[in-house]
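These notes concern the structure reproduced below.
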Amino acid sequence: MTGTRITIDNVTKRYDRVEVIPGLSAQFEAGEFTVILGPSGCGKSTLLNMLAGLEEVTSGRLLFGAREVQNVPAKDRGCAMVFQNYALYPHMSVADNIGYSLKLAKVRKAERVERIAAVARIAGLEGYLDRRPSQLSGGQRQRVAIARAIVREPGVLLFDEPLSNLDAKLRNDMRIELSNLHKRIGATSVFVTHDQVEAMTLADRILILNEGQIEQFATPGEIYHRPRTTFVAEFIGAPAMNLLKARGEGGNLCLASGTPMTTVAHEGEVLAGVRPERIELSDAGLKAQVLYREDLGSHHILLVQLDSGEQMRLSTSQGGANADSSEVFLHIPPDAVHLFDPETQQRIN
Amino acid sequence: MIERTRTVNVVATGIMIAGILFILAPIVIAFLTATLSYEEFVSGGGIRLRVSDHFWENFAHVLFETRLPAQLWNSVVISLLVAFIKCAFAFTATFALVFYKSRLNTVIFAITIVTVMLPLELIVITTYQVVANVLMPINWLLGWTGLDALIERLTGSRPYLEYSLLDSYIGVAAPIATSSTSVFIYRQFFMSLPKDLPRAATMDGAGPIRFMIDILLPLSWTPLVATFMFWFIGGWTAYLWPLIAASTPDAQPAVVGLARLANTDPDRIPDVPMLMAGALFVSFIPVLLIGLMQRQIVRGLNLSEK
Ligand SMILES: Nc1ncnc2c1ncn2[C@@H]1O[C@H](COP(=O)(O)OP(=O)(O)OP(=O)(O)O)[C@@H](O)[C@H]1O
Ligand SMILES: [Mg+2]
């Protein structure tokens, strides 16, 4: 089985008067695992449903390989979907759930049984084939949903927040399973989530969507290390990146109050972003009061206030310097600073 | 919030017993009366609470000397038709309303509700006219388009189509079945189903009809059975319309036949004991059904539990 390359060419979507997606173009390579990430209501599900054929495209073109599919009915697009709430057929056994699409496609019984057994093995569902969905755990149900999706050997696999109904531990296990599964079957996968851990770990590339528009479409590393806009910068990473008003003056990056923060090559007004995990505690430097300390076990998150009034968050390893003090000195390495244009919110450095 | 104090329990039990007595009393009286002979009944001066031993006599009379057994069969067919028509139309209509969004949805739903608010009793004369000649609309259409005059000129006779459904099973059943109360029940049930279910079916390659038959129908089994029972009994006890639409005893359902037995001879005191035996005979099928299907009915109409 090989994946299908997906081309989204200037696609728009409007419901009555509301424009949900104002014009979006992107290309997902064959066999690539793309994660669509964005805040609630930004149009992730809408985009996915348009790929699936469950929603009509208002204008623009969708291509699977070289084939234009925006007017092709869902069942003829060669794609399958996994839903957040599993959407299994409650009155059918696991085997019938998995085999329903094959039955509708008039696949012979013997071949059907064989293929159901094969995907059940891949999904770890042997021995459960006779059960009803109500007799399965959440994780097993989601495995059935995945098995149902892959049994037709689709070129495109779509996932709409498939893991968000599972508990944290199961979610971690399923993530790894999904990743392995993807490597094994090689379908082009598009995965919608608003969990950034899922996005970072699963994706070949992450597409960050905001109000129906692409903020950035890049590898997880690129997104984390070189966010293209302040939106991406604040959206990725927990706790979120600190963004401060600053200006570059004679090689120094100064806060609004004039206090130098670190060195910089840029001149003029900027928004300076620093990730909490890149701020170091030292014996001298920027002086700050600790307002609040969250102990997460593995590390601490401090909310500090600079003398000039700005607040920042930083994370330190447990038992790091000044573990109990209410006054700390911050060191910000020059290469930890992301610079953004205050007008356009775009990255400059 | 359920309070479980002694007084509440006692009062509740009291009310329940009173309710049961209230409901059971007519049945008990009917049964007691059915055990009397005609002479005992007449000499006793009407209905009295005493037991006698003529029940089987009365029952045999009903079975072998009246048309009730045949009319019972009419009742079965008519009630099945009523229940089937109601459920089938409501099911398909609700399916379209819930799963297919259209601008006209509210209008369609409103029209559906109107049928609930127009009971048959209110439109019985027009209904009679239509059933007496179901081809009337075509006549009307011919007249309206002027086609009938044309045909008259060509053939020399003015066409008038006539087809009566009076005295037929469908003629009795169909007008009773034109009410869409079940749409409310099915709608509530359909909306409680996961909204991704039809989408999953679409992705699996199922069209709307396939989805309805393979997925929706089996899932809706409980509410379907419950409403079917409900409408079956409704059809069974319907009186006014069958009385009008079925003029011959051969076509009448048992409830109408029973009422007709009461006034065969206006100069004679009706044979009430035999009538009571007949009433028990006519009601045993619905009672049996309710008894057997109690659990299903409660489960089907209790919408909070899926
Ligand atoms: N059928 C519809 N009619 C009108 N507006 C809709 C419809 N479906 C979705 N929308 C709107 O489109 C926007 C995007 O919805 P969508 O479901 O794609 O968001 P999402 O990114 O998937 O959000 P979430 O993370 O909460 O699932 C929302 O503002 C929503 O209100
Ligand atoms: Mg969504």
Side-chain angles (χ1 to χ4, degrees), chain A residues 15-16 45-46 48-56 72-93 96-107 132-134 141-142 144-152 154 156-162 165, chain B residues 87 91-92 94-96 98-108 185-228 295-296 299-300 302-306:
Chain A
Y15 290 109
D16 293 330
S45 300
T46 307
L48 202 70
N49 289 337
M50 286 195 295
L51 290 176
L54 294 171
E55 288 281 358
E56 281 177 17
V72 175
K75 67 179 164 69
D76 301 326
R77 290 193 184 186
C79 62
M81 188 153 172
V82 178
F83 297 89
Q84 176 177 358
N85 298 308
Y86 324 126
L88 300 176
Y89 312 124
H91 58 295
M92 293 187 193
S93 69
D96 288 344
N97 263 284
I98 298 175
Y100 185 57
S101 62
L102 298 178
K103 195 169 144 198
L104 291 182
K106 306 216 162 58
V107 175
R132 290 289 171 87
S134 57
R141 282 180 212 186
Q142 199 52 283
V144 177
I146 292 167
R148 179 174 68 175
I150 61 178
V151 74
R152 275 197 308 163
V156 174
L157 256 179
L158 307 169
F159 300 85
D160 195 349
E161 308 197 30
N165 274 7
Chain B
C87 290
F91 186 79
T92 42
T94 318
F95 167 68
V98 173
F99 293 103
Y100 295 90
K101 298 286 166 242
S102 146
R103 273 166 223 276
L104 292 177
N105 267 11
T106 30
V107 178
I108 296 172
I185 296 167
Y186 299 161
R187 186 167 178 263
Q188 228 35 42
F189 176 77
F190 288 177
M191 299 206 300
S192 74
L193 293 173
K195 76 175 197 319
D196 282 340
L197 215 51
R199 308 158 126 245
T202 307
M203 294 308 290
D204 272 350
I209 304 292
R210 270 258 84 86
F211 170 69
M212 187 172 84
I213 294 171
D214 284 355
I215 314 241
L216 201 58
L217 197 60
L219 288 180
S220 312
W221 204 240
T222 0
L224 271 177
V225 168
T227 46
F228 190 92
R295 285 251 312 273
Q296 307 244 18
R299 226 180 335 144
N302 178 3
L303 296 163
S304 58
E305 179 200 9
K306 268 176 248 148

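We name chains A, B, ... by the order of the sequence lines, and we start the count at 1 in each one. What's counted below: heavy atoms across the whole structure, side chains too, no hydrogens, waters or symmetry copies.
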Could you tell me which non-hydrogen atom of [X] sits nearest to which non-hydrogen atom of [Y], and how far apart they are?
X	Y	value
B:Val225	B:Gln296	CG1-OE1, 4.1 Å
A:Glu55	B:Arg199	OE2-NH2, 4.3 Å
A:His91	B:Asp214	NE2-O, 2.9 Å

Proximal component of [X], with respect to chain B [non-hydrogen, under 4.5 Å]:
X	answer
A:Ala52	both
A:Asp16	side chain
A:Asp160	neither
A:Leu102	neither

**Partner set under side chain to side chain donor-acceptor pair (under 3.5 Å) for B:Tyr186, not counting sequence neighbours** =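 With neighbours one apart ignored, the set is B:Thr227.
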